[in-house]
Structure formats: structure tokens, C-alpha cells
Amino acid sequence: MELTLLPKRKRTHYCGEPGLEDVGKEVVLMGWVHRRRDHGGLIFIDLRDRTGIIQVVFSEDIDPEAHKLAHRLRSEYVVCVVGKLRRRPEGTENPNIPTGEVEVEGHELYILNTSQTPPFPIEDEVNVAEEVKLKYRYLDIRRPRMFRNLLIRHKAALSVRKYMDEQGFLEIETPVLTKSTPEGARDFLIPSRLHPGKFYAMPQSPQLFKQMLMIAGIDKYFQIVKCYRDEDLRADRQPEFTQIDIEMSFADRDDVFAVVEGLLERMFKETIGVEIETPFPRYTYQEVMDRFGSDKPDTRFGMELCDVSDIVADSEFRVFTEVLKKGGQVKGLVAPGCAKLSRSQIEELTEFVKIFKAKGLAWMRVTPDGVDSPIKKFFPEGTINALLERMKPNPGDMLFFIADQPKIVADALGNLRLRLGRELGLIDENRLDFLWVVDFPLFQWNEEENRWESEHHPFTAPNYEDLHLLDEDPGKVRSQSYDLVINGMEIGSGSVRIHDTELQRKIFRILNLSEEEIQLRFGFFLEALKYGAPPHAGIALGFDRLVMIMAGGQSLRDVIPFPKTQRGICLVTGAPSEVTEEQLKELHIKVDLEEK
RNA sequence: GGGCUCGUGGUGUAGCCUGGCCUAACACGCCGGCCUGUCGAGCCGGAGAUCGCGGGUUCAAAUCCCGUCGAGCCCGCCA
């Protein structure tokens with residue numbers, strides 16, 4: 001095949017651009033052969049680039065040489081076409097593509113490169129195994145949908161930089177090779193060649209650096225920054241991901257909220273043309289746990305949880321009463337129209353709630369003449385009536401109940417709510433529900449390690465009204481942290497930070513860190529706090545997740561050009577991979593693999 | 001660490017439950033030929049699969065069993 005290595009002409013248009021106004025002009029196009037329709041004497045080529053598709057016609061009449069060469073074109077060949085733009089003959093217009101009223105007479109054709117037959121067609125709505133798409137990611141990205149997603153990503157980042165700049169924030173880079181500070185996610189480690197036996201860590205977030213930038217007087221900082229966490233993957237979790245990291249001095253929670261609300265308003269407008277409503281509603285942690293069984297509630301539909309502990313307390317149903325005696329609770333929800341569920345469907349839901357440690361799922365069908373349930377006999381009529389009165393079901397609905405410790409009830413019933421909401425089609429996919437969750441507890445008790453841990457992170461300031469509780473009842477202390485939630489997904493998390501050395505020390509001690517550990521891990525930071533640290537607050541927003549929401553994707557992989565598989569492998573490069581003995585030796589590393 | 005779903009020509013599926021009629025079917029793609037208005041072009045012809053891998057059961061395995069690898073979703077984990 002005769003290739004033209006260097007096109008002799010400069011591109012005049014992208015494939016998606018020419019229209020009726022360009023008819024008569026000579027155009028020079030570069031692109032990939034999307035499809036070839038070879039009629040023998042007449043050949044149609046759909047030429048594609050990132051902007052779209054345009055039809056090129058080759059024939060004896062137009063140019064015999066180009067026509068002859070066009071027979072050799074195949075899918076994904078890279079070509080340069082020079083030709084005159086003309087209006088398509090009447091009746092042959094294609095209303096399905098933006099350039100469908102015109103076509104290019106193929107006067108000159110240069111084949112810039114050939115291509116193997118692609119493993120899958122370059123089209124949206126391809127039904128191909130994730131494995132294949134990820135291995136040939138560069139072909140996957142040729143699909144218009146993927147390109148659009150990356151374009152959205154680009155526009156979103158641009159919008160962030162413009163807005164933050166206008167608000168007086170400086171984008172400042174922080175190190176990628178940094179210090180391991182356990183507490184939190186597992187670190188990715190990097191061995192040091194110059195310091196045998198020592199390691200850098202990749203940042204889980206630039207948390208301490210941005211706080212030190214506040215101490216440095218930067219005042220308003222932001223960064224679109226990669227973060228790394230060596231934990232298992234999910235549809236919404238990749239080991240390396242991007243945050244919009246923000247920190248501001250002399251600011252409180254409301255200042256942060258105002259900046260973020262303005263930022264998102266601007267981003268959604270400029271990126272996908274959607275107007276969002278600000279300010280976002282605020283919920284306390286306690287409220288969302290009670291009502292939705294989740295600290296990141298999806299408020300696009302109702303079906304809220306209902307505490308019925310007091311009503312069922314004096315029933316004969318042991319499953320409920322025993323749990324209540326042990327300090328547990330009984331909560332339920334109304335599943336609209338679900339009285340018609342079969343035994344096996346209920347069984348499936350029971351299996352589902354067991355994933356979240358619930359021991360079972362009690363149910364009552366609501367019929368026009370009362371309730372129908374295997375456990376009905378344990379409840380006096382008054383109790384049933386009280387349940388109906390509180391939960392307010394309609395005939396045809398189903399009541400589901402879970403009895404257990406509060407955390408399990410919230411988890412199981414909250415997830416049941418989400419599943420039913422999805423399966424019953426109660427979620428309006430066009431809706432965007434932004435909300436803040438505030439007043440998180442400062443600590444949570446770690447059963448296994450028998451100690452308090454930070455709910456957010458150890459640099460989060462306690463609610464100053466609760467300071468007196470730090471010693472007597474740490475579990476009751478509220479923090480000045482906050483989460484941003486969109487459509488039931490955690491999008492951001494931040495807090496007012498501790499800027500006082502003594503308070504910071506105290507928190508470390510409650511977390512059961514010895515003086516020695518504190519010094520070893522965070523000594524440098526405590527030292528920094530001593531030199532006039534201003535009060536400051538900040539937040540980090542999950543950029544990939546935001547882009548995913550704007551792009552309407554189901555997985556983070558949809559908006560990351562080269563993502564990892566669920567087992568953390570990059571299928572394009574094959575990373576992670578083994579390295580040579582020499583490399584290991586230089587790093588003073590011996591690999592100790594278990595024999596299989 | 002655990003649970004569930006999936007793995008059959010290049011791609012997507014059928015066949016698997018109920019083993020033999022499978023010499024593995026279909027669509028798209030691919031290769032060759034014909035073809036001047038197609039745009040999922042059409043028509044004719046053709047190539048292409050040790051049914052992810054290993055072991056077992058059986059006269060006989062794509063099909064049943066065990067193990068293993070890979071992809072996905074979830075639990076744990078993710079300050």
C-alpha cells in the first residue's frame with residue numbers, strides 16, 4: 001500500500017463543520033474512514049474525526065485516480081481528502097447527521113496510514129465487554145460518547161480555574177512524593193533509592209500541605225489534583241482520582257459553602273448548560289440517618305424510613321421486642337404498590353438486606369381490608385392501626401420492617417430504600433439534588449481496635465460549643481465538618497480545621513496516639529501550627545464524580561481516559577508489572593512472594 | 001478476605017438447566033467478485049471457534065462436578 005507520510009495540504013475544516021454556506025469551496029479534510037460503501041463505480045466514504053462525520057464521494061467522473069485508490073480504503077484508515085464541497089443531489093440528504101445536506105467530491109485522496117480491523121465498531125451504544133474496551137482504550141475513546149465525556153471533563157476543569165481565579169484563589173501545586181501518614185486509607189509507597197529502606201508515599205490528599213499554605217499566608221488556595229488511595233475499587237472508586245481541593249483562611253463553614261455553591265453553579269452552567277439552584281439545602285447528620293438511613297441520601301424520591309419502635313414495643317413479636325430490649329430499634333418503610341410481590345421476590349429482598357447484616361425482613365401487605373402478614377398474629381389490632389396511622393400506606397402497598405442495632409437498621413433499610421426506589425422507577429433521572437450534610441460526629445468508635453477514630457480526619461475542628469464534651473463523652477462531640485451530596489453520591493467533604501496546637505494535640509491523644517507517634521507522624525505539622533496559623537477551612541470535591549454526573553455516566557471509567565479495572569490493572573499497559581532484578585537491587589528491595 | 005453475575009470465531013449472542021441429533025447455529029464484522037446515489041448499501045461466494053484454562057465424572061462433555069484465571073457489581077476496606 002502506498003502511503004503518503006506527510007499530507008501535502010493543511011486541513012481547512014473538521015469533518016463535522018462544513019455546511020450549506022461552504023458549498024463550492026475547496027476543503028481539505030483529515031480523518032478516519034468510518035465506513036465505506038463501495039458501489040463499484042461510485043464509492044462513499046464516511047470520514048470521521050472528533051467533531052463528526054461527513055460523506056466523501058469518489059467516482060470515475062470526479063477523479064479516476066482518487067476513485068481507484070478509494071477501493072483500497074478500509075475501516076479506520078487515516079486519510080486526507082481534498083475536494084469540492086457540494087450540495088447533495090435532491091432526495092439523498094441524510095437528516096441523521098449535521099453535515100447531511102452536503103458532501104465532498106473526492107478529487108485527491110492521500111492514505112496517511114492503514115489500520116488493522118478494529119476489534120469493535122467505533123460507535124456509541126456498542127455492546128462490548130469492558131475488558132476489550134479497556135484493552136483498546138484508544139479506540140474506545142474514538143467513540144463520540146467517550147470524546148464528549150472527555151470534552152465535558154476539559155470544560156469543567158477550565159470552568160473551575162476561571163471561577164476560582166476570579167474569586168481570588170491561587171492554584172498551587174503540592175508534592176506527589178511525600179510522607180506516609182497512616183490513619184486513613186492505605187498509602188501507595190515509593191521506595192527511595194537515595195535512602196535505602198525509606199519510602200515516599202503518594203498523597204491520599206494534599207491535606208497538610210494546603211493547611212501549611214494557609215500558615216504560609218496564601219489565604220485562598222485551590223488545586224485540581226490527583227490523589228492516590230490503595231484500597232479496593234468500586235464503580236465510583238479508582239485508586240487514582242482527581243479532586244478539586246480548596247482551602248481558605250479566616251473562613252468558616254458558610255464561607256466555604258458560598259464558594260462551592262458558586263463554583264458548581266458556574267461549572268454546571270458552562271459545562272452542560274444546566275442551571276442549578278443555590279443555596280443547597282442543609283441537613284444534619286442525625287436527620288439524614290433517621291430519615292434515609294444514609295449519610296449521603298438520595299432525596300430524589302421519598303419512601304423515607306419510619307421509626308416504629310415505640311409502637312411495637314409491647315407486641316408479642318419476640319424478634320422486635322428482644323432487639324428493643326438490647327437497645328436496638330425497629331424501623332420500616334412503605335413500598336408503594338408492592339403488596340403484589342411474590343414470596344420469592346420478598347425472599348430475594350430478604351437476601352438483599354442480609355448483605356448489610358440485617359437478620360431478616362418483616363413485611364405486611366396492605367389490603368383494602370387491613371393487613372396481610374405472617375406476623376400479623378403477634379400484633380394487637382390497636383398496634384396495627386397505630387402502624388398504619390404513622391406510616392400512612394395506601395392499599396396495595398407493602399410495609400417492610402427491620403429490627404436491629406441502629407447502624408444495621410440504617411444500612412439495611414437505607415439500601416433497601418435505594419434498591420426499591422430504583423426498581424420501582426421512583427427516581428427522576430433528570431433531577432439533580434444537591435445538599436449539604438452538617439454536624440457529623442467528630443469521632444466514631446472502632447470496635448476492633450477499641451479506640452476512637454476520626455469520622456472525617458484528625459485535623460477537623462470540633463464544634464466549639466461541644467469542647468467541654470471532649471473529655472467526658474467524645475462520642476457526643478459534633479464536628480465542624482460537612483459533606484456535599486448529589487443524587488445520593490458523596491461528592492465533597494471538608495471541615496473547619498484546627499489551627500491551635502494544643503487542641504490538635506488533644507485530638508491526637510483522644511485518638512490514642514502516643515506522644516512519640518504524634519511526633520513521628522505529625523511533628524512537622526504541629527511545629528507549623530505554632531507559627532501563627534490562621535483560622536482556616538476547606539473542602540475537597542471529587543472531580544471525576546462531578547464529571548460523571550454531568551456526563552450522565554454510570555461508572556467513573558466513563559470519564560477517566562485510562563482507568564484501572566476492578567482489580568487495579570491498567571489493561572492498556574498491563575501495569576502493575578514485574579521489574580528487573582537490577583531495578584530492585586538499586587532500591588534495596590527483596591521481593592518475598594509466597595509459594596503457591 | 002467474602003458473596004453474586006458473566007466468559008462459545010474479530011465483536012455480540014444462541015446452544016448449557018434436561019450430556020449424544022454439535023461435523024457448534026445466528027447477526028455484525030472480515031476476505032473475494034458484481035454493482036453510479038448509498039448512508040446498518042445491496043446481491044453472490046468464502047475464510048474464521050482446540051466453547052477462558054486445568055483436572056475429574058462418563059461409552060460420550062460447550063453442556064455435569066472441582067479448581068483456577070479474567071471482566072463486572074456488591075460486602076469488608078475507602079481518616
Side-chain angles (χ1 to χ4, degrees), chain A residues 34-47 53-62 67 71 74-76 88-97 99-100 103 116-123 125-136 139 181-187 204-205 207-208 227-239 241 348 351-358 411-412 415 418-419 440 442-444 446 448 452-460 479 481 490 493 495 507-508 511 513 521-522 540 542 554-555 557 564-567 569 571 596:
Chain A
H34 185 65
R35 243 186 273 278
R36 176 186 59 129
R37 290 176 295 278
D38 189 340
H39 292 217
L42 190 65
I43 300 170
F44 298 100
I45 296 294
D46 288 340
L47 193 65
I53 285 176
I54 191 166
Q55 174 165 284
V56 184
V57 192
F58 296 98
S59 74
E60 285 277 344
D61 316 337
I62 295 169
H67 174 249
H71 277 296
R74 294 293 182 274
S75 284
E76 301 308 309
R88 290 198 188 186
E90 206 176 326
T92 66
E93 300 88 352
N94 181 355
N96 299 319
I97 56 174
T99 61
E103 63 189 9
Q116 292 196 17
T117 303
F120 52 86
I122 310 300
E123 296 166 346
E125 322 310 333
V126 282
N127 182 13
V128 183
E130 198 72 14
E131 206 174 339
V132 181
K133 284 201 281 187
L134 289 182
K135 180 171 177 193
Y136 299 98
L139 299 180
T181 54
E183 274 289 308
R186 197 175 293 114
D187 285 321
Q204 299 174 24
S205 84
Q207 183 61 34
L208 294 180
C227 300
Y228 308 86
R229 295 180 189 175
D230 188 7
E231 298 292 348
D232 287 359
L233 290 84
R234 289 286 186 283
D236 61 353
R237 259 162 48 189
Q238 284 273 316
F241 60 99
E348 205 185 315
E351 288 309 310
F352 177 73
V353 296
K354 283 181 180 170
I355 295 173
F356 306 97
K357 305 277 188 314
D411 237 24
N415 277 292
L418 285 178
R419 173 168 172 170
F440 281 82
L442 186 62
F443 302 111
Q444 62 191 3
N446 183 323
E448 291 91 69
W452 292 105
E453 348 183 275
S454 294
E455 166 78 28
H456 184 52
H457 59 52
F459 317 104
T460 300
S479 75
S481 69
E490 185 193 318
S493 193
S495 60
I507 298 295
F508 282 142
L511 295 172
L513 289 173
R521 294 185 192 176
F522 305 113
Q554 294 299 309
S555 164
R557 288 188 298 272
K564 308 280 188 288
T565 68
Q566 185 146 42
R567 294 187 60 251
I569 290 170
L571 288 179
K596 274 216 163 174

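Quick note on labels: first sequence line is chain A, next is B, and so on, each numbered from 1.
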Mind checking who B:C26 pairs with, Watson-Crick or G-U wobble, both distances under 3.5 Å?
-> B:G12

A:Arg74 side-chain N/O to A:Thr117 backbone N/O, donor-acceptor pair under 3.5 Å | no

Which residues satisfy the side-chain hydrogen bond (donor to acceptor under 3.5 Å, both in side chains) test with A:Glu93, sequence neighbours excluded?
-> none

When the C1' atoms of B:C31 and B:G72 are considered, how many whole Å apart are they?
-> 35 Å

Paired with B:G48 by Watson-Crick or G-U wobble geometry, both distances under 3.5 Å: which nucleotide is it?
-> none

hbond_proxy A:Glu103 side chain to B:G37 base (donor-acceptor, 3.5 Å cutoff) | yes

What nucleic acid atoms does A:Thr460 come within less than 4.0 Å of, heavy atoms only: base, sugar-phosphate, or nothing?
-> nothing

Which residue, A:Arg557 or A:Gly41, contacts RNA chain B at a nucleotide closer to its 5' end, judged by nearest heavy atom?
-> A:Gly41

Taking CZ from A:Arg229 and P from B:C78, how many angstroms apart are they, rounded to a whole number?
-> 11 Å

Describe the nucleic acid contact of A:Ser205 in one word from base, sugar-phosphate, nothing, applying a heavy-atom distance below 4.0 Å.
-> base

When all nucleic acid strands are considered with a 4.0 Å heavy-atom cut-off, which category describes A:Glu90: base, sugar-phosphate, or nothing?
-> nothing

Mate of B:G7 across any strand shown (Watson-Crick or G-U wobble, both atom pairs under 3.5 Å) is B:C69

May I have the distance from A:Gln566 (atom CD) to B:G72 (atom P), rounded to whole angstrom?
-> 6 Å

Identify whether any heavy atom of A:Arg567 sits under 4.0 Å from a base atom; if not, whether one sits that close to sugar-phosphate; answer base, sugar-phosphate or nothing.
-> sugar-phosphate

CD (A:Gln444) with more than 12 external heavy atoms under 6.0 Å | yes

With sequence neighbours left out, write down each residue that passes side-chain hydrogen bond (donor to acceptor under 3.5 Å, both in side chains) with A:Asn446, or none if nothing qualifies.
-> A:Glu453

Counting Watson-Crick and G-U wobble pairs only, both distances under 3.5 Å, name the nucleotide matched with B:U63, or none.
-> none

Round to a whole Å and report the spacing from CG of A:Leu233 to P of B:C75.
-> 13 Å

Do the side-chain N or O atoms of A:Ser555 get closer than 4.0 angstrom to the phosphate oxygens (OP1, OP2) of B:G72?
-> no

Integer angstrom distance from the P of B:G76 to that of B:G70 | 24 Å

Scan nucleotides 40-52 of chain B nucleotide by nucleotide, 5' to 3', and note B when protein non-hydrogen atoms come under 4.0 Å of the base, S if they reach only the sugar-phosphate, - if neither.
-> -B-----------

What integer number of Å spans the P atoms of B:C74 and B:C26?
-> 38 Å

Given the C1' atoms of B:C51 and B:U63, what is the spacing between them in whole Å?
-> 10 Å

Which residue lies toward the 5' end of RNA chain B, A:Thr117 or A:Thr92, if each is placed at its nearest nucleotide?
-> A:Thr117

Verify whether the ring centers belonging to A:His39 and A:Phe44 lie closer than 6.0 Å.
-> yes

Measure from CD1 on A:Ile62 to C1' on B:G37 and round the result to the nearest Å.
-> 11 Å

A:Thr460 vs A:Phe440 side-chain heavy atoms within contact, under 4.5 Å = no

Rounded distance (Å) that lies between atom P of B:G76 and atom NZ of A:Lys354 = 17 Å

Partners meeting side-chain hydrogen bond (donor to acceptor under 3.5 Å, both in side chains) with A:Thr99 (sequence neighbours left out) | none

Flag the pair A:Glu76 / A:Gln116 as yes when at least one side-chain heavy-atom distance between them is below 4.5 Å, and no otherwise.
-> no

With A:Tyr228 via ring-ring contact (aromatic ring centres under 6.0 Å, His included) - residues at least two apart | none

What integer number of Å spans the C1' atoms of B:U36 and B:C16?
-> 50 Å

Could you label the plane-to-plane angle of the A:Phe443 and A:Trp452 rings as parallel, tilted or perpendicular, counting under 30° as parallel and over 60° as perpendicular?
-> tilted

Where along nucleotides 6-13 of chain B does protein come under 4.0 Å, by heavy atom, of base (B) or sugar-phosphate alone (S), with - for untouched nucleotides?
-> ----SSSS

Using the P atom on both, measure B:G46 against B:A25 and round to a whole Å.
-> 14 Å

A:Glu131 has an atom CD; how far is it from atom C1' of B:C73, in whole Å?
-> 15 Å

Is there a donor on the side chain of A:Arg237 or the base of B:C77 sitting less than 3.5 Å from an acceptor on the other?
-> yes

Could you tell me whether A:Asp46 and A:Arg37 have a side-chain N and a carboxylate O separated by less than 4.0 Å?
-> yes

Give the ring-plane orientation class for A:Phe459 versus A:His457, where under 30° counts as parallel, over 60° as perpendicular and anything between as tilted.
-> tilted

Is any N or O donor-acceptor pair between the side chain of A:Glu60 and the base of B:U36 shorter than 3.5 Å?
-> no

Side chain of A:Glu231 only, please: which of B:G1, B:U36, B:C78 is the nearest?
-> B:C78

NA contact type, A:Phe459, heavy-atom cut-off 4.0 Å: base, sugar-phosphate, or nothing?
-> nothing

P atoms of B:A41 and B:G1, separation to the nearest Å | 48 Å

Please state how far atom CD in A:Glu93 lies from atom P in B:U38, giving the value in whole angstrom units.
-> 12 Å

How far does the C1' atom of B:A14 sit from the matching atom of B:A24, given to the nearest Å?
-> 10 Å

hbond_proxy A:Arg88 side chain to B:C39 base (donor-acceptor, 3.5 Å cutoff) = yes

Looking for any heavy atom pair under 4.0 Å, which part of the strands does A:Gln204 touch: base, sugar-phosphate only, or nothing?
-> nothing

Any side-chain N or O of A:Arg419 under 4.0 Å from OP1/OP2 of B:C73?
-> no

Separation of A:Asp232 atom CG from B:C78 atom P, in whole Å?
-> 11 Å

For A:Gln554, does the CD atom sit with more than 12 other heavy atoms under 6.0 Å from it, leaving out its own atoms?
-> no

